[in-house]
There are 2 protein chains.
Amino acid sequence: MTEPVDTVLVVEDEVPMRRFLRAALASHGFRVAEAGSLREAERAVTEAPPQAILLDLGLPDGDGLDLLRRVREWSTAPVIVVSAREREDDKVTALDAGADDYLTKPFGTSELLARIRVALRHARAQGGSAEPVMVIGPIRVDHARHEVTVGGAAVHLTPIEFRLLALLAQHVGKVLTHRQLLREVWGPRATQHTHYLRVHMAALRRKIEADPARPRWLATEAGVGYRLRDE
Amino acid sequence: MTEPVDTVLVVEDEVPMRRFLRAALASHGFRVAEAGSLREAERAVTEAPPQAILLDLGLPDGDGLDLLRRVREWSTAPVIVVSAREREDDKVTALDAGADDYLTKPFGTSELLARIRVALRHARAQGGSAEPVMVIGPIRVDHARHEVTVGGAAVHLTPIEFRLLALLAQHVGKVLTHRQLLREVWGPRATQHTHYLRVHMAALRRKIEADPARPRWLATEAGVGYRLRDE
DNA sequence: CGCGAACTTGACGCGAACTTGACGCGCGGG
DNA sequence: CCCGCGCGTCAAGTTCGCGTCAAGTTCGCG
């Protein structure tokens, strides 16, 4: 049971800032991965998922929030946004998009480190580690490509179907309640429309089950929710 | 089965600030509990555990960090520190003491609310406070998977049976009265239908007892309630 | 402006789960 | 000794949740 070294991905285009962050993190025992653009960041995050992400919003090739949202589809790894923008709107947007914290430049090293510790504490308590590609039996969910295959054959899923499957895959074996699924996919105001689930789960079964009437993978727990069998 | 309203405990001694916070929170659908001192806060937190805590550090009767540490010993409820002190040391100390976020006054309403949403999101993702899996003799109750096994074999329980068993398992060895069981499973309006219990307990025994006529685990305390033996 | 994909909404049948009532048993007290 | 009470059992009867289908409705795109 040796303490694993956490790696932090730094997404930042300005070189001096990047060097500063690298030094601060490395000197406190973190492994540091770096990306100077969205493209690089996306590659880094899928190829070697880090334990935490420091994300600068002012990137040359696009909005950092896009990356954030993309990552949030399959990973719960903590993301701390580091930005020069200190308008409240920016903060709210980022936090609601899935960021775990928002730090405005300039900031102190020790505060940054403390907030990283908080983020890692949360991630550890929660446990679930996520891979960009998940395999359950014959079902393969590739988040980077946004693609699902069953037994090697590509399957087209609608946005809602994809999100449902992704959520279930993220918690293989566990039951997700109606409420949880509805909140994640349709938003907090739709937690009683359980009929949505019936319709879309049926559609999902038609696409990923050999015999949709006798589901082998997508199990329903009557009165509770749905579950993706692991086995 | 109604949508639960999250309650936020505001620990703050200055009245105007408290009123401001109360207004901001209440108008966004939160229930608000208030405390003006450490003493009050401690009482509030143990008597009616809130889903999140807003903690001001400058309290008249002691350091807010003491409260934080005390609470952290038994609860993981998110704590957001709200303080006028903006020295980095203060932030680091609070965060390392278990705070989930640190906001310096003055701050905007919308940012505060966004950060509360983040905190609640974390708390929810982390799941209930209960142990995920309980073991009583050969009986295994796995909450996350919503699955019960007896001697290794999976047993299918109906929703009501599952909730009954889960309740009893949560208090192994202790007697749960008819009233308690009925209230938890059927709601407060059904506390006199003790016949429900007889029927469903019988069904439960058929599924988890080797000899349902001579129950080894699910004991009945005549005139009082039921109990799950801890051997 | 029209088309198609995706989503919402409603109706319906089926089976599981729950409720309800009748009955028998053991036990303790009148 | 018999009666009442609480419990377990069983078998109806009824409700409820789920899956299915199909008819709207919305929305983006050509």
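Labels below follow one simple rule: chain letters A, B, ... track the order of the sequence lines, proteins then strands, and each chain is numbered from 1. Given the structure is predicted, the values throughout are model-derived calculations rather than measurements.
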Given atom CZ of A:R206 and atom P of D:dG19, what is their separation to the nearest angstrom? 12 Å

In whole angstroms, how far is the P atom of D:dC18 from the CG atom of A:L181? 12 Å

Using a strict threshold of under 4.0 Å (side-chain N to carboxylate O), is an ion pair present between A:D101 and B:R115? yes

Just the rounded figure in Å: distance from C1' of D:dC7 to NE2 of B:H195. 10 Å

Applying a 4.0 Å non-hydrogen cut-off, can you work out what B:T194 is touching in the nucleic acid: base, sugar-phosphate, or nothing? nothing

Those residues of residues 211-218 of chain B lying under 4.0 Å from DNA chain D by at least one heavy atom: none

Hey, does the side chain of B:R205 come within less than 4.0 Å of D:dG8's phosphate (OP1/OP2), counting only N and O? yes

Tell me whether the OP1 or OP2 atom of D:dG17 has a side-chain N or O from A:Y226 closer than 4.0 Å. no

Does the pair A:R205 and A:E209 meet the rule for a salt bridge (Lys or Arg N to Asp or Glu O under 4.0 Å), with working shown? CA-CA 5 Å; A:R205 284 203 178 110; A:E209 293 279 1; 5.0 Å; no

Rounded interatomic separation in angstrom, taking CG from A:L204 and C1' from D:dC18: 16 Å

With a strict under 4.0 Å distance from non-hydrogen atoms of chain A, what nucleotide opens and what nucleotide closes the contacted stretch of DNA chain C, reading 5' to 3'? C:dA6 to C:dA11

Of all heavy-atom pairs linking A:E88 and B:T109, the shortest is OE2-N, 3.5 Å

Atom CD of A:E221 to atom P of D:dC18: distance rounded to whole Å? 11 Å

Stem finding on DNA chain D, please: runs of three or more consecutive Watson-Crick or G-U wobble pairs, both distances under 3.5 Å, sorted by first number. C:1-30 with D:1-30

Using the ring pair (Phe, Tyr, Trp, His ring centres under 6.0 Å) criterion, which residues pair with B:H171? Sequence neighbours excluded. none

Residues A:R22, A:E34: salt bridge by 4.0 Å N-O rule: yes

Taking only Lys NZ, Arg NE, NH1 and NH2, and the carboxylate oxygens of Asp or Glu, determine whether A:R18 and A:E12 approach each other closer than 4.0 Å. no

Spacing of A:H193 atom NE2 relative to D:dG17 atom C1', expressed in whole Å: 17 Å

Residues two or more places apart in sequence or in another chain: which of them pass side-chain contact (heavy atoms from CB on, under 4.5 Å) with A:A222? none

Separation of A:R179 atom CZ from D:dG17 atom P, in whole Å? 14 Å

Hey, does B:H200 reach any base, or is it just sugar-phosphate, or nothing, if we go heavy atoms under 4.0 Å? base

Which of D:dC21, D:dG19, D:dT9 is nearest the side chain of A:T220? It is D:dG19

Base, sugar-phosphate or nothing for B:F162? Non-hydrogen atoms, less than 4.0 Å. nothing

Among residues at least two apart in sequence or on other chains, which ones pass side-chain contact (heavy atoms from CB on, under 4.5 Å) with A:V172? A:I136, A:D230

Closest to the A:H178 side chain, choosing from D:dT9, D:dC7, D:dC18: D:dC18

Closest heavy-atom pair, A:L95 versus B:A114, reported as atoms and distance to 0.1 Å, is CD1-CB, 3.8 Å

Parallel, tilted or perpendicular: which one describes the rings of B:W186 and B:Y196, with boundaries at 30° and 60°? tilted

Between D:dG19 and A:R198, is there an OP1 or OP2 to side-chain N/O distance shorter than 4.0 Å? no

Heavy-atom pair of closest approach, residues B:P212 and B:R206: CG-CA, 3.9 Å

Would you mind checking if A:D89 and A:K91 are paired as a salt bridge, meaning a charged N to carboxylate O distance below 4.0 Å? no

